[in-house]
Amino acid sequence: MKLNTFLTLLIPTGILFLVACSNDTQMESDSLQEEQPANLQKYIEQGRSISRKMQGILLSNVSSAIQNGGPAHAIAFCNTRAIPLTDSLSELEGVKISRISDKNRNPNNVASSDELELINQFKTNNAKDTVLSWDNNENYVYYSTIKTGMPACMKCHGSVGSDIRPETLNALDSLYPEDKAKNHALGDFRGLWKIEFTQ
Ligand code: HEC
């Protein structure tokens, strides 16, 4: 499907706030205004439910890592556990869950060039989520916005020099030399959940 055709599927609604090395949580009750084809509606609902579950898991894990050892310690946690945790839920749900960004921290989370265009559309429309097919309706992919919606995000994604402590910065610099995910303001666009449904 070409970008301009699937853009009609974008659903501009409220803001998705996020928590922890992922997002939280207060998805606004989203007026999925129009008539989505029934099959897309099904993927939208599943995508919402799975991304909510996933963000809850990441949030509780990161919160306890911060409590146990502060943000610098929690970075090591995110580095080793964020992707395995998403993989476990993927397996359980029979989908593939990931997070992608135009300003990614982990190089594995980089958006493809088509997805960069999609991200621009999300930003322009302040859209919440959408379902697309990249391959002639063989497989569907759910995407939803992740924002730095909580002050806690700033400890690791905020301004160097004020929000991010020196020891946190050291941990980030050594694990992510190509990090693009610093110097965000509260409420910035941070990336997208991506949930792939294969037939
Ligand atoms: C303790 C530090 C820490 C906090 C707090 C934190 N993050 Fe992260 N975040 C990370 C690290 C480290 C990664 C890279 C994880 C990996 O290697 O898979 C990351 C990755 C991400 C990613 C995946 C895309 C990418 O850039 O690799 C998103 C999206 C994200 N964070 C959003 C948030 C949001 C939203 C918040 C606040 C609700 C938040 N993070 C709070 C450390 C943190």
Side-chain angles (χ1 to χ4, degrees), residues 14-28 47 50-90 96-112 115-116 118-119 122-123 126-129 141-196:
I15 297 172
L16 171 61
F17 295 94
L18 304 167
V19 180
C21 57
S22 83
N23 10 333
D24 149 278
T25 304
Q26 300 148 20
M27 295 199 168
E28 308 203 325
I50 293 169
S51 56
R52 254 173 241 183
K53 235 184 255 179
M54 194 61 243
Q55 68 206 17
I57 293 171
L58 283 177
L59 172 62
S60 62
N61 278 278
V62 170
S63 307
S64 45
I66 292 182
Q67 262 171 353
N68 292 337
H73 163 76
I75 283 165
F77 165 85
C78 287
N79 176 247
T80 54
R81 299 296 303 143
I83 290 182
L85 279 169
T86 50
D87 287 350
S88 314
L89 187 67
S90 294
K96 184 170 186 315
I97 307 169
S98 50
R99 295 178 297 169
I100 56 161
S101 184
D102 51 340
K103 296 185 180 162
N104 54 301
R105 172 156 287 166
N106 185 323
N108 293 325
N109 296 336
V110 66
S112 69
E115 286 170 340
L116 286 175
L118 178 66
I119 284 175
F122 263 85
K123 289 179 179 172
N126 197 20
K128 173 184 167 179
D129 58 6
V141 189
Y142 170 85
Y143 292 94
S144 67
T145 302
I146 303 175
K147 294 194 175 188
T148 48
M150 300 184 65
C153 313
M154 298 293 102
K155 291 182 200 294
C156 305
H157 294 291
S159 301
V160 174
S162 52
D163 303 317
I164 302 185
R165 290 189 207 155
E167 68 270 26
T168 310
L169 187 61
N170 285 341
L172 286 174
D173 285 348
S174 68
L175 288 169
Y176 304 99
E178 313 267 308
D179 186 15
K180 301 191 193 95
K182 297 192 282 276
N183 294 313
H184 276 288
L186 195 61
D188 270 1
F189 181 91
R190 182 65 265 279
L192 295 175
W193 281 111
K194 174 178 180 182
I195 298 177
E196 295 165 81

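Whatever order the structure lists them in is the order used to number ligands and atoms, beginning at 1. Since the model is a prediction, treat every value here as computed from it, not as a measurement.
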S.K.: Just to be sure I read this right, does ligand 1 sit under 4.0 Å from the backbone of Cys153, its side chain, both, or neither, counting only heavy atoms?
M.R.: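 Looking at Cys153 and ligand 1, atoms from backbone and side chain both fall under 4.0 Å.
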
S.K.: Quick one: do the Glu115 and Tyr143 side chains pair a donor with an acceptor below 3.5 Å?
M.R.: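 Yes, a side-chain donor-acceptor pair sits under 3.5 Å.
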
S.K.: Please name all residues satisfying side chain to side chain donor-acceptor pair (under 3.5 Å) with Asp179, sequence neighbours left out, ordered by chain then number.
M.R.: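 Side chain to side chain donor-acceptor pair (under 3.5 Å) check on Asp179 returns Arg105, Lys182.
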
S.K.: Can you sort out which atoms of ligand 1 are near Pro71, meaning under 4.0 Å from one of its heavy atoms?
M.R.: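 Near Pro71, meaning under 4.0 Å from one of its heavy atoms, ligand 1 has 1 (C).
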
S.K.: Show me which atoms of ligand 1 lie under 4.0 Å from any heavy atom of Ala152.
M.R.: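 Taking each heavy atom of Ala152 in turn, ligand 1 has 5 (C) under 4.0 Å.
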
S.K.: Polar contacts were defined as any N/O atom of the residue lying under 3.5 Å from an N/O atom of the ligand; does this apply to Asn109 and ligand 1?
M.R.: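 Checking ligand 1 against Asn109, an N or O pair does fall under 3.5 Å apart.
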
S.K.: Hey, are the side chains of Leu85 and Asn61 touching, using non-hydrogen atoms and a 4.5 Å cut-off?
M.R.: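 Yes; the side chains approach each other to less than 4.5 Å.
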
S.K.: So which bit of Ala65 gets within less than 4.0 Å of ligand 1, heavy atoms only: side chain, backbone, both or neither?
M.R.: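 Neither part.
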
S.K.: Should Arg190 be counted as touching ligand 1, given the test is an N or O pair under 3.5 Å?
M.R.: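 N/O-N/O distance below 3.5 Å exists for this pair.
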
S.K.: State if Gly191 counts as touching ligand 1 under the rule of any non-hydrogen atom under 4.0 Å.
M.R.: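 No, Gly191 has no heavy atom closer than 4.0 Å to ligand 1.
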
S.K.: Using a 4.0 Å cutoff against the non-hydrogen atoms of Tyr176, which atoms of ligand 1 qualify?
M.R.: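 Taking each heavy atom of Tyr176 in turn, ligand 1 has 12 (C), 14 (C), 15 (C), 16 (C), 17 (O) under 4.0 Å.
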
S.K.: If only atom types and distance count, is the side chain of Thr148 paired as donor or acceptor with the main-chain N or O of Gly187 below 3.5 Å?
M.R.: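 It does hold such a pair.
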
S.K.: With a cut-off of 4.0 Å, which atoms of ligand 1 are near a heavy atom of Ile83?
M.R.: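 With Ile83 as reference, the close atoms of ligand 1 come out as 18 (O).
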
S.K.: Check whether any N, O or S atom of His157 sits under 2.8 Å from atom 8 (Fe) of ligand 1.
M.R.: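 Yes, within the cut-off.
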
S.K.: Would you indicate whether the side-chain heavy atoms of Phe189 and Ile146 approach each other to under 4.5 Å?
M.R.: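 No; the side chains remain at least 4.5 Å from each other.
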
S.K.: Would you list the atom pairs, donor with acceptor, under 3.5 Å between side chains in residues 67-80 and any protein atom, with sequence neighbours excluded?
M.R.:
from	atom 1	to	atom 2	distance (Å)
Asn68	ND2	Ser64	O	3.2
Asn79	ND2	Tyr176	OH	3.1
Thr80	OG1	Ala76	O	3.1
Thr80	OG1	Phe77	O	3.4

S.K.: Quick one: look at Ile146 and ligand 1, take heavy-atom pairs under 4.0 Å, and tell me if it's side chain, backbone, both or neither.
M.R.: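 Side chain only.
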
S.K.: Would you mind listing which atoms of ligand 1 come within a distance below 4.0 Å of any non-hydrogen atom of Ala82?
M.R.: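 Answer for ligand 1: 18 (O).
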
S.K.: Using a plain distance cutoff, I'd like to know if Arg105 has any nitrogen or oxygen under 3.5 Å from a nitrogen or oxygen of ligand 1.
M.R.: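 Yes, at least one N or O pair falls under 3.5 Å.
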
S.K.: Could you see which bit of Phe77 sits under 4.0 Å from ligand 1, with heavy atoms only: side chain, backbone, both or neither?
M.R.: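 The answer is neither; Phe77 stays 4.0 Å or more away.
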
S.K.: If we only count heavy atoms from C-beta on, is the Leu186 to Pro151 side-chain gap below 4.5 Å?
M.R.: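 A side-chain contact under 4.5 Å exists here.
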
